[in-house]
Amino acid sequence: MAKRKVIITCAVTGAIHTPSMSPHLPVTAEQIADAAIGAAEAGAAIVHLHARNPQDGRPDQTPEGFTPFLRVIKQRTDAVLNITTGGAPTMTIEERVRPAATHKPEVASLNMGSMNFGLFGMLNRFKEFQHPWEKEYLSDKGIIFRNSFADIEYILTTCAENNTRFEFECYDTAHLYNLKYFLDQGIVKAPLFVQTVFGLQGGIGAHPDDVLHMKRTADRLFGDQYQWSVLGAGRNQLPIAAMAAAMGGNVRVGLEDSLWAGPGKFAESNAQQVRLARQIIEGLGLEVATPDEAREILSLKG
Ligand SMILES: C[C@H](N)CC(=O)CC(=O)O
Ligand SMILES: [Zn+2]
């Protein structure tokens with residue numbers, strides 16, 4: 001019997017962690033390109049991309065901020081490129097959609113609901129910061145990651161003519177119901193790539209019951225019209241990946257979501273996390289999907 005193909009997504013830098021937290025967090029365009037290429041060579045079929053200001057690592061959501069590394073990654077890999085529309089939770093929706101609208105990627109992330117966005121928990125672990133913006137950003141208890149029905153529709157319509165498909169970020173069951181609403185409206189089309197997010201402060205926890213609850217809810221709402229994927233924040237990354245792989249899911253790793261390669265051990269690269277996820281997947285007798293197999297499974301434009 002053919003082994004099930006598991007799609008590994010690698011989110012190489014993001015906009016949650018800040019440069020002072022880990023020397024391995026890619027900041028410059030060159031570092032982001034190298035990280036994405038390394039992750040693809042290690043087995044990631046999809047690379048999820050954010051840009052940063054090369055001087056101080058602040059999240060940068062200008063289309064120009066993405067151009068240098070997109071070019072290099074496309075030259076050096078056939079990985080599926082996934083551009084963020086989440087940006088940083090403090091940005092406007094117009095700002096957030098611009099890179100995906102400009103670069104017309106095969107995939108873009110789409111956050112399926114508004115939520116309290118807690119980064120301050122990380123201040124228990126990280127104390128010293130090089131750049132003033134880091135502590136200010138992380139300690140802000142007032143962050144609401146706004147994704148209204150109008151915001152979501154705005155991103156969907158803005159990217160629609162580009163044949164870009166979406167990684168639907170669902171941080172709680174309500175977000176799955178929001179996605180169901182857009183499916184029923186015919187605004188989004190199956191197969192849906194549903195990325196369930198666990199353990200991010202403000203969203204659902206990372207207990208096995210939470211994973212089961214999100215999967216059961218998605219199965220009930222979408223049946224065979226979706227491809228399930230998971231990401232676990234911080235120390236939950238690999239345990240959540242292992243659970244989901246055993247339950248028929250796909251996995252997301254990367255320094256956007258976690259700085260660790262096991263308890264108390266800093267990941268030295270995104271590729272290291274991809275290799276750890278791969279070991280789990282192959283250990284379960286499954287196979288890692290290639291970029292073209294992921295394109296097939298997710299009906300991407302290629
Ligand atoms: C938890 C992750 N930060 C979800 C994410 O990657 C959001 C986005 O870029 O649109
Ligand atoms: Zn992201």
Side-chain angles (χ1 to χ4, degrees), residues 8-18 21 25-26 32 35-36 39 44 46-52 57 59-61 65-66 69 80-101 103 105 107-119 121-122 137-138 143-148 151-152 154-156 158-159 164-172 175 178-179 193-206 210 214 229-237 240-241 244 250-260 270 273:
I8 298 179
T9 296
C10 188
V12 300
T13 187
I16 289 178
H17 296 125
T18 65
M21 289 178 163
L25 187 73
I32 293 171
I46 303 177
V47 287
H48 171 72
L49 302 162
H50 289 242
R52 290 182 182 266
D60 170 5
Q61 198 67 3
F66 287 71
F69 58 73
V80 173
L81 303 190
N82 166 348
I83 291 180
T84 181
T85 71
T90 46
M91 294 172 179
T92 66
I93 200 75
E94 291 75 18
E95 241 183 314
R96 285 168 43 191
V97 78
R98 227 172 271 134
H103 294 292
V107 177
S109 61
L110 184 57
N111 298 275
M112 295 312 296
S114 301
M115 58 186 284
N116 292 345
F117 211 80
L119 302 175
M122 294 189 279
Y137 176 63
L138 295 168
I143 300 178
I144 296 175
F145 188 23
R146 180 191 148 127
N147 296 288
S148 68
D151 296 332
I152 294 170
Y154 172 72
I155 292 179
L156 285 168
T158 306
C159 296
T164 293
R165 295 184 65 82
F166 295 95
E167 175 196 33
F168 298 106
E169 318 277 359
C170 297
Y171 301 76
D172 219 325
H175 299 174
N178 295 345
L179 179 53
F193 185 40
V194 178
Q195 187 69 261
T196 49
V197 181
F198 298 94
L200 205 136
Q201 198 159 14
I204 197 165
D210 297 318
M214 286 286 266
S229 186
V230 301
L231 79 83
R235 66 181 187 287
N236 305 299
Q237 184 174 72
I240 293 277
N250 302 288
V251 304
R252 178 171 135 166
V253 293
L255 297 183
E256 168 166 349
D257 307 331
S258 171
L259 297 174
W260 312 105
N270 281 273
Q273 290 183 340

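In each ligand, atom 1 is the first atom listed, and ligand 1 is the first ligand listed. Model, not experiment: these values are computed from the prediction. The figures here come from the full heavy-atom set of this structure, side chains too, leaving out hydrogens, waters and symmetry mates.
Each of the following atoms of ligand 1 lies closer than 4.0 Å to a heavy atom of L200: 1 (C). Proximity to G86 (heavy-atom distance under 4.0 Å) selects the following atoms of ligand 1: 8 (C), 10 (O). Of all the atoms in ligand 1, the ones that sit under 4.0 Å from a non-hydrogen atom of I16 are 3 (N). Interface atoms of ligand 1 facing E169, defined by a heavy-atom separation under 4.0 Å, are 4 (C), 5 (C), 6 (O). For ligand 1, the atoms lying closer than 4.0 Å to a non-hydrogen atom of R252 are 2 (C), 4 (C), 5 (C), 6 (O). Taking a cut-off of under 4.0 Å to the non-hydrogen atoms of N111, the atoms of ligand 1 that pass are 7 (C), 8 (C), 10 (O).
Only the side chain of H48 comes within 4.0 Å of ligand 1, judged by heavy-atom distances. Residue contacts with ligand 1 for L110 are absent, since no atom lies close enough (heavy atoms, distance under 4.0 Å).
For the pair V253 and S258, the minimum side-chain heavy-atom distance is 4.5 Å or more. Under the 4.5 Å side-chain criterion, counting only non-hydrogen atoms from C-beta, V12 is not in contact with H48.
The closest approach between a heavy atom of H50 and any atom of ligand 1 is below 4.0 Å. Within the structure, the closest approach of H17 to ligand 1 does not fall below 4.0 Å when heavy atoms are considered.
Between F168 and F166, the two ring planes are tilted [angle within 30° to 60°]. Between H175 and Y171, the ring planes are perpendicular. Angles over 60° get that label, and only those under 30° would be called parallel.
Distances between N or O atoms of T84 and those of ligand 1 include at least one value under 3.5 Å. Remark: ligand 1 and Y171 share no N or O pair separated by less than 3.5 Å (distance only, no angle test).
One of the N, O or S atoms belonging to E256 lies under 2.8 Å away from the Zn ion (ligand 2).
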Audit row: M21, L138, side-chain contact (heavy atoms from CB on, under 4.5 Å) steps and yes/no: CA-CA 11 Å; M21 289 178 163; L138 295 168; 3.5 Å; yes
